[in-house]
Amino acid sequence: MNKQLRTAIIAGNWKMNKTPSQTKELLEQIAPLTKDAKCEVIACVPFVDLQTALDATKDTNIKIGAENCHWEESGAFTGEISAVMLKEMGIKYVIIGHSERRQYFGETDLTVNKRIRAALNNGLKVILCVGELKEQREQNITAEIVSMQTKIALMGISEAEMKNIIIAYEPVWAIGTGLTATADQAQEVCKIIRDVIASMYNQDIANATTIQYGGSMNDKNADELLSKEDVDGGLIGGASLIAEKFAAIVKAADNN
Ligand code: 13P
């Protein structure tokens, strides 16, 4: 089974939640619960919480990620944060192309590609998010949409750089809605993404790439989703804000 070749990764995406003091508190709750995890554990937190998060997880196995970065290194981009800045702080991961960035902040496949380029140039590992809207699933174009998002996002990314790419399949209709893709739906699309990577690179790279599912993953449904051959982890929103639920998902990843 190729699943064993890949690193299972459970990442929290805290979105616009938690102040610095709340960040410290939540990470101190999570750390003892996940200290024996075999899988990789990441918390992606708001920019203003990054330093607190790094400090709070210094002696733990929890890695810290940002939720976005700009494609330029510096300049007149009010309100943006560059990959250079994240790198200097000691941040190792960054989410790029989350559907909320695409929906509310004009993110496109091309800007996703540019941000990935900047992140990789600065030694960051990228969690690239792709996923279809409800209407697109209803029109039976999920495979086309997700394939196109993946191909454009990865334009110009070399074989060697693929070891720093994690992909999160996040059906937009399942995010924050309580609706979860069934385990079979998640498996089907994660496999489609893996086949796209095989066609762009080769089967070995496809087999080595961690592909997560995200969208209302919780302590109840994680085990079934993570049992699927091509679902290597999770990108967790709401449930990552509750230490016990997040830790239960980490346990589910370790059991699969
Ligand atoms: P929820 O788990 O809250 O549905 O969010 C998923 C998500 O968007 C993670 O990036």
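In this text the structure is predicted, and so the values were computed from the model without any measurement.
A heavy-atom distance below 4.5 Å is found between the side chains of Asp184 and Lys228. Residues Ile166 and Tyr93 form a side-chain contact, since some pair of their non-hydrogen atoms from C-beta on lies under 4.5 Å apart. Using a 4.5 Å cut-off on side-chain heavy atoms (C-beta onward), Leu154 and Leu128 make contact. For the pair Ile96/Arg101, no side-chain contact is recorded, criterion being any heavy-atom separation below 4.5 Å from C-beta on. With contacts defined as side-chain heavy-atom distances shorter than 4.5 Å, the pair Glu229/Lys3 qualifies. Using a 4.5 Å heavy-atom threshold, the side chains of Ser74 and Val84 count as separate.
At least one donor-acceptor pair closer than 3.5 Å links the side chain of Arg194 to the backbone N or O of Ala206. A donor-acceptor pair under 3.5 Å links the side-chain atoms of Thr182 to the main chain of Gln185, judged by distance alone. A donor-acceptor pair under 3.5 Å is formed between the side chain of Ser216 and the backbone N or O of Ala174. Put simply, the side chain of Tyr213 gets close to the backbone of Gly215: a donor and an acceptor are under 3.5 Å apart. In this structure, the side chain of Asn122 does not engage the main chain of Leu124 through any donor-acceptor pair within 3.5 Å. The closest donor-acceptor contact from the side chain of Thr108 to the backbone of Thr111 lies under 3.5 Å. Distance alone, capped at 3.5 Å, places no donor-acceptor pair between the Thr34 side chain and the Ala37 backbone. Between the Lys191 side chain and the Glu188 main chain, no donor and acceptor come within less than 3.5 Å of each other. Looking only at distances, a side-chain donor or acceptor of Thr210 sits under 3.5 Å from a matching main-chain atom of Thr7. Of the possible polar contacts, none joining the Asn61 side chain to the Asp36 backbone as a donor-acceptor pair under 3.5 Å is found.
Here the closest non-hydrogen pair linking Val112 and Ala153 is CG1-CB, 3.9 Å. Closest approach of Ile127 and Ala11 over heavy atoms only: CD1-CB, 4.0 Å.
A donor-acceptor contact under 3.5 angstrom links the side chains of Gln187 and Asp230, judged on distance only. Using a 3.5 Å distance cut-off with no hydrogens or angles, the side chains of Glu67 and Trp14 do not pair a donor with an acceptor. Judged by distance alone, the side chains of Asn113 and Arg117 never bring a donor and an acceptor atom under 3.5 Å apart.
In the hydrophobic clustering of this structure, Met89 groups with Val45; members are Ile, Leu, Val, Met, Phe, Trp, Tyr whose side-chain heavy atoms approach within less than 4.5 Å, directly or through other members. The hydrophobic clustering, which links ILVMFWY residues whose side-chain heavy atoms are closer than 4.5 Å, places Ile91 and Val41 together.
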Contacts under 3.5 angstrom, residues 237-253 side chains, donor-acceptor by atom type, not counting sequence neighbours:
residue : atom : partner : partner atom : Å
Ser240  : OG   : Ile236  : O            : 3.1
Ser240  : OG   : Gly237  : O            : 2.7

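The residue from Leu86, Thr52, Thr57 that alone fulfils the side chain to side chain contact (heavy atoms under 4.5 Å, CB included) condition with Ile64 is Thr57. For the pairing with His98, the side chain to side chain contact (heavy atoms under 4.5 Å, CB included) check across Glu107, Glu170, Gln103 returns one residue only, Glu170.
Taking 4.0 Å as the cut-off between side-chain N and carboxylate O, Glu80 and Arg115 count as a salt-bridged pair. Here Lys24 does not pair with Asp49 in a salt bridge; the nearest charged N to carboxylate O distance is not below 4.0 Å.
No more than 12 heavy atoms of other residues, nucleotides or ligands sit less than 6.0 Å from atom CD of Glu224. The local environment of CD in Glu144 is crowded, with over 12 non-hydrogen atoms from other residues, nucleotides or ligands closer than 6.0 Å.
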